[in-house]
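Chain letters run A, B, ... following the sequence lines, proteins first, then strands; residues in each count from 1.
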Amino acid sequence: MAHPLTIALFGITRDIVGASSLTLSIEKSTDVDSLLDQLRAQYPRLTELNSLLVAVNSEYAEGNQLLKKGDEIALIPPVSGG
Amino acid sequence: MAHPLTIALFGITRDIVGASSLTLSIEKSTDVDSLLDQLRAQYPRLTELNSLLVAVNSEYAEGNQLLKKGDEIALIPPVSGG
Amino acid sequence: MILLTHQPIDVPAVMAHVQTGSAGAVDIFIGTVRNQTQQKRVVRLEYEAYEPMALKKMQELVDEVRRRWPVEQVAIVHRVGVLDIGEAAVVIAVSTPHRAEAFEACRWLIDTLKEVVPIWKKEVFEDGEVWVAAHA
Amino acid sequence: MILLTHQPIDVPAVMAHVQTGSAGAVDIFIGTVRNQTQQKRVVRLEYEAYEPMALKKMQELVDEVRRRWPVEQVAIVHRVGVLDIGEAAVVIAVSTPHRAEAFEACRWLIDTLKEVVPIWKKEVFEDGEVWVAAHA
């Protein structure tokens, strides 16, 4: 059963996608790596980044973490604060 | 030929001598080490210090430096600025 | 004191926050907007943050620095939005009993902030702009 | 900026002095009067300096730090006279293009100042006083 997932976008990922968030329909058992694969297929310029991480509920997620309904998801391109 | 030499005193050396400067009569060929020996003989508590240096014209002096008339001399006990 | 602010950072207030009677040493790091980078003239910077996560990570840094060093007080303030040349983008202040710890803790905080806190900097030049560190 | 002052140190003025458009990093060290040392309660501190030599040595530190690091601006301000708990005894500020150099240069300055600049600190307790570091 698919469910919708909203992904917050910042920095260069916001520029690449052209929006500050996007909503995908994902399968129930989708993990972080699968989500990244899906996004890279849809937005090939994401593959050019030095790194691309996913935050789930404000915490850096491992590639095999499953995404649950209601999770707060964000793409994290290379940070450059300071 | 002896000449008078005024020595500025700071910190604990000022307390030990009980004055902010003292004037000694020294021989023309007196060096820094001889001056220190003379002062330690006169004020034995100076021997208790962790270190005792002499500044000549605002520069740390070596033990064999000769003291000339008109030199600005100061005793430098262990510094503790900052 | 952990803060993301759209206003200019009040550096004296940050300093006042960390000064205590039991601290003998305060180290303060200020990251400011340079007028050039790699020989190109910078017109302004723009910072954006994933704010809830950035604040959470900053709190984790504060917790960790307190575990590692005998920190009396610590403050991390990061500016977001548009910054002009010379303005402070980040101010980190740490007070400790002795000075070695203040330098080490402050340095660790800015180094680690730059690695893990989700804040992004865009450099705006006269002829273009770039998100820093995004590409090799 | 090299200064010995009998007045409270104006820390924001010291900071303003080192901030420039070409510096990306500022590190500031503040040495303050602690309310205790080795478990004894400190009432106040008294600093005295051999002023002309202290200023000369501080200038030598500034010259040397500029030789060793790409320093944009540097300030060393030391207070003399009677200080209350929490007041700043010394403020050192350094601006450099990048942060590693700011931390290293600032740390070198305070470490070396404490070794060579003829300034003396007396700690005053409720029941006595002592010139710091004079005796083993």
Side-chain angles (χ1 to χ4, degrees), chain B residues 4-24 31-33 35-37 39-63 65-82, chain D residues 2-5 9 29-34 37 42 45-61 76-81 83 88-92 106-124 128-136:
Chain B
L5 198 71
T6 298
I7 300 156
L9 302 168
F10 300 94
I12 194 159
T13 62
R14 186 162 45 72
D15 287 359
I16 289 172
V17 173
S20 61
S21 72
L22 64 82
T23 302
L24 289 182
D31 66 12
V32 163
D33 280 341
L35 173 68
L36 285 171
D37 288 344
L39 288 167
R40 288 194 185 101
Q42 203 166 342
Y43 302 99
R45 284 181 57 210
L46 293 176
T47 62
E48 297 166 9
L49 300 181
N50 272 340
S51 85
L52 186 59
L53 301 174
V54 171
V56 178
N57 301 323
S58 290
E59 197 50 68
Y60 290 108
E62 299 290 326
Q65 183 171 334
L66 291 178
L67 301 172
K68 299 189 309 292
K69 198 171 171 179
D71 279 344
E72 189 179 315
I73 312 287
L75 278 190
I76 311 287
V79 300
S80 50
Chain D
I2 294 171
L3 191 65
L4 289 171
T5 174
I9 299 176
F29 175 80
I30 307 175
T32 58
V33 178
R34 294 182 68 200
T37 180
V42 175
L45 287 192
E46 296 177 20
Y47 281 91
E48 73 176 59
Y50 177 20
E51 298 203 6
M53 182 173 175
L55 290 169
K56 179 168 183 257
K57 288 288 154 194
M58 286 156 77
Q59 182 62 56
E60 288 174 12
L61 296 190
I76 306 179
V77 182
H78 205 297
R79 177 93 177 267
V80 289
L83 277 75
V90 63
V91 178
I92 294 181
C106 190
R107 175 103 191 240
W108 182 86
L109 282 169
I110 181 63
D111 287 352
T112 313
L113 178 146
K114 284 175 162 274
E115 286 172 7
V116 307
V117 176
I119 297 176
W120 297 273
K121 169 166 60 179
K122 184 162 72 176
E123 288 171 342
V124 180
E129 53 184 50
V130 63
W131 287 103
V132 176
H135 298 99

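- Shown are B:L22, B:V54, B:L52, B:V17; of these, the side-chain contact (heavy atoms from CB on, under 4.5 Å) with B:L39 is made only by B:L22.
- At a 4.5 Å heavy-atom cutoff, the contact between D:V132 and chain B is made by backbone and side-chain atoms alike.
- Remark: D:L113 CG to D:I119 CD1 distance equals 5.5 Å, nearest 0.5 Å.
- Along residues 66-73 of chain B, the residues that come nearer than 4.5 angstrom to chain D, judged on non-hydrogen atoms, are B:E72 in order of number.
- With a 4.5 angstrom heavy-atom cutoff, D:A88 does not touch chain B via any of its atoms.
- Ring geometry for B:F10 against D:W120 counts as parallel: the plane angle stays under 30°, on a 0 to 90° scale with 60° as the upper cut.
- Of the possible polar contacts, one joining the D:E48 side chain to the B:G11 backbone as a donor-acceptor pair under 3.5 Å is found.
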(Q) With salt bridge (Lys or Arg N to Asp or Glu O under 4.0 Å) as the criterion, how do B:E59 and D:K57 come out once you've worked through the C-alpha distance, each side chain's angles and the decisive distance to 0.1 Å? (A) CA-CA 8 Å; B:E59 197 50 68; D:K57 288 288 154 194; 2.6 Å; yes

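- In this structure, chain B has a heavy atom under 4.5 Å from the backbone of D:E115, while its side chain stays farther away.
- Distance alone, capped at 3.5 Å, places no donor-acceptor pair between the B:T13 side chain and the B:L9 backbone.
- Heavy-atom distances place the side chain of D:K56, and not its backbone, under 4.5 Å from chain B.
- When each of D:L55, D:V117, D:V130 is scored by its heavy-atom pairs under 4.5 Å with chain B, the top score falls to D:V117.
- Of the possible polar contacts, one joining the B:Y60 side chain to the D:V116 backbone as a donor-acceptor pair under 3.5 Å is found.
- Between the D:H78 side chain and the D:V91 main chain, no donor and acceptor come within less than 3.5 Å of each other.
- Side chain of D:Y47 to main chain of B:G82: a donor-acceptor pair is present (N/O by atom type, distance under 3.5 Å, no hydrogens or angles).
- Only the side chain of B:D15 comes within contact range of chain D, with at least one heavy atom under 4.5 Å from a heavy atom of that chain.
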